[in-house]
Amino acid sequence: MNKKGYFGEFGGRFVPETLMPALDELEKAYEKYKEDKEFKEEFNYYLQYYVGRPTPLYYAEKLTQYLGGAKIYLKREDLNHTGAHKINNTLGQVLLAKRIGKKRIIAETGAGQHGVATATIAALMGLECDIFMGSEDVRRQTLNVFRMELLGAKVIQVESGTKTLKDATNEALRNWVSTVSNTHYVIGSVVGPHPYPTIVRDFQSVIGEETKKQIIKFEGRLPDYLIACVGGGSNSMGMFYPFKDLQEVQMIGVEAAGRGIESGKHAAVLTAGTKGVLHGALSYLLQDGDGQILPAHSVSAGLDYPGVGPEHSYFKETKRVQYQSITDQEALEGFQLLSLREGIIPALESAHAIAYASKFAPILAKEKVIVICLSGRGDKDVMEVLHLLKGEVK
Amino acid sequence: MNRIENVFNKLQRENRKALIPYVCCGYPSLEFTEKLVLKLADCGADLIELGVPYSDPVADGPTIQRAAVKALEEGVTLEQIFSMASRLREKTEIPLIVMTYFNTVYVKGIEQFIKMAATSGIDGLIIPDLPLEEADELKTTADKYGVDLILLIAPTSTVERIKKIGEASRGFLYCISVTGVTGARINVLTNLGEFLNNVRQETRLPLAVGFGISNPETARLAACEADGIIVGSALIEKIEESMAQEKSTDKAIEAASHFTSSLRAAITVN
């Protein structure tokens with residue numbers, strides 16, 4: 001077997017032949033530009049002056065005191081332009097697409113964060129942009145739909161399947177098959193066919209690279225634990241990857257246990273899934289015995305995905321990263337905890353990492369150091385949480 | 001004895017083109033599919049593509065997606081499809097080709113899947129999301145059990161890829177007529193002739209054209225250039241229309257047969 005684009009046994013390129021030349025072209029372009037001085041300068045320029053990097057590493061003193069265990073730091077990806085880590089990747093990919101000569105950008109989105117981040121950079125770069133979004137998500141996230149439209153993007157409602165992120169991704173892939181000559185598909189996570197998992201990981205690695213420098217400034221040493229939520233897995237991969245060879249740093253990926261693993265209504269792919277192929281890559285996923293993909297569930301739309309990036313599957317197999325899960329209820333508690341103790345409203349996705357840390361930090365010694373990737377801000381989730389706390393059924 | 005090769009050899013001797021209907025197994029029921037295949041074999045089909053319904057068919061347009069959703073709601077499983085193939089094989093010698101997404105094969109286990117296919121009388125396999133680079137293990141296994149792994153070529157395929165795919169494919173080459181997903185379209189690729197000529201430079205395999213052939217006229221035009229034509233979505237639409245209007249599976253099979261006969265007639269004229 002040709003092992004190009006594999007992480008151990010995971011990854012690969014399981015896509016229609018029509019897309020193969022485009023993936024080859026993207027891979028070649030990426031190999032060329034990732035070392036290109038001008039490209040790197042432009043990427044870093046926009047990261048600094050447009051996105052607002054470096055994002056702070058913040059010592060969450062109040063939360064630390066409240067939990068009474070390890071010291072907790074927050075990597076503030078919520079302070080990026082558009083409010084989440086997603087823009088690190090969309091910026092990189094759109095700059096790449098421009099160099100390849102593509103005039104049109106497409107992307108899938110669940111809650112709308114990646115869609116907004118893509119539409120933002122497309123507006124900045126003056127490119128046509130279509131965003132595929134499940135009609136169920138369009139209904140739940142009307143504000144983000146309007147945001148994308150304000151930014152000049154066209155939001156295309158997807159009515160197939162479960163009408164959520166998985167199906168939006170299917171439709172974006174189908175559209176790409178039909179428009180590949182002039183269009184670049186900006187995949188929003190470390191998923192998809194090679195070279196996407198690598199490209200997205202590399203653009204997101206700025207999170208971990210900055211964290212490494214920042215924590216050494218604070219503590220004079222590396223952290224003991226990194227904690228990040230995992231849906232497709234881009235914020236966690238961006239945080240973890242620069243630390244992967246530093247064995248003294250332990251890493252914990254937190255998946256969405258939804259209403260509990262045993263309920264079957266969850267998105268804990270690495271905890272409870274099996275190996276298979278979805279959206280172009282071999283990885284863990286939620287499926288039945290015939291390989292039909294099962295719907296995922298999470299209170300957080302960004303984690304509500306039945307697949308996960310292939311490199312995470314590899315980190316699970318090699319035990320480099322430990323994967324845990326947090327229920328909807330626990331995530332809601334984490335959401336409120338950080339709001340109350342630190343005055344920071346986290347995204348429901350990031351609230352999973354907060355919730356796990358709130359269970360884990362108290363059992364650690366006070367001199368231990370944890371860094372949590374606060375992948376996004378929670379403004380987008382406030383209405384949803386209001387309904388949930390009032391006990392209203394969505 | 002390979003049924004696919006035999007059929008194409010025979011057609012070539014008779015100067016005829018292959019008509020390859022695609023059926024979605026289990027739409028609207030597996031019983032229907034079984035009857036339909038036998039009927040199509042009687043009214044001009046030369047090979048049959050048995051589509052395995054899948055939850056996430058990224059190479060398929062809305063028509064096949066709809067049919068797959070209905071078939072899965074009916075509860076159709078891979079085992080049932082292979083059992084149906086075995087029953088069909090007792091009644092007909094028409095080549096049966098399974099079209100399935102790769103996850104179905106992977107989850108079953110490559111060797112196990114191919115073994116099941118071979119013992120069910122399946123002659124070939126088409127996997128729209130398995131490009132050449134990922135096909136090694138499956139190809140070796142399929143060769144071992146005498147099942148043809150039929151590979152696809154797209155209008156975007158480079159000459160280098162066409163050459164390699166042509167060397168690796170068995171039975172025939174599935175040439176995708178448009179840069180897009182499956183589904184009936186008004187126009188077939190305008191430069192289909194040029195595309196197929198480029199492919200013929202690199203391979204001696206028969207070329208079957210699929211994606212977007214919607215009526216006798218497009219079938220005729222495509223058959224002028226190719227060795228065979230594949231019709232899926234348009235056929236399913238005939239079944240859908242008939243089911244919606246007449247609410248009778250017998251009438252729907254009749255409508256599908258009538259349409260298939262009209263395609264046969266159209267590609268036999270030239």
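Numbered from 1 within each chain, the chains take letters A, B, ... in sequence-line order. Every heavy atom of this structure was used, including side-chain atoms; hydrogens, water molecules and symmetry mates were not.
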Can you tell me which portion of [X] sits under 4.5 Å from chain A's heavy atoms? Options are side chain, backbone, both or neither.
| X | value |
| --- | --- |
| B:L72 | side chain |
| B:Y106 | side chain |
| B:V69 | neither |
| B:I165 | side chain |
| B:P62 | neither |

So, for [X] and [Y], which heavy atoms are closest and what is the spacing to 0.1 Å?
| X | Y | answer |
| --- | --- | --- |
| B:P21 | B:L235 | CB-CD2, 3.7 Å |
| B:L196 | B:L207 | O-CD1, 3.7 Å |
| A:P310 | A:V190 | CD-O, 3.3 Å |

Ion pair present between [X] and [Y], side-chain N to carboxylate O less than 4.0 angstrom?
| X | Y | result |
| --- | --- | --- |
| B:K164 | B:E202 | no |
| B:K139 | B:E134 | no |
| A:K163 | A:D137 | no |
| B:E133 | A:K4 | no |
| A:K28 | A:E31 | no |

In terms of heavy-atom proximity below 4.5 Å to chain B, should [X] be classed as side chain, backbone, both, or neither?
| X | answer |
| --- | --- |
| A:E159 | neither |
| A:N175 | neither |
| A:L282 | side chain |

Heavy-atom pair count under 4.5 Å with chain A, highest-scoring of [options]:
| options | value |
| --- | --- |
| B:R66, B:R161, B:E79 | B:R161 |
| B:V52, B:T158, B:D60 | B:D60 |
| B:V107, B:N103, B:I153 | B:N103 |
| B:L151, B:L130, B:T104, B:V58 | B:V58 |

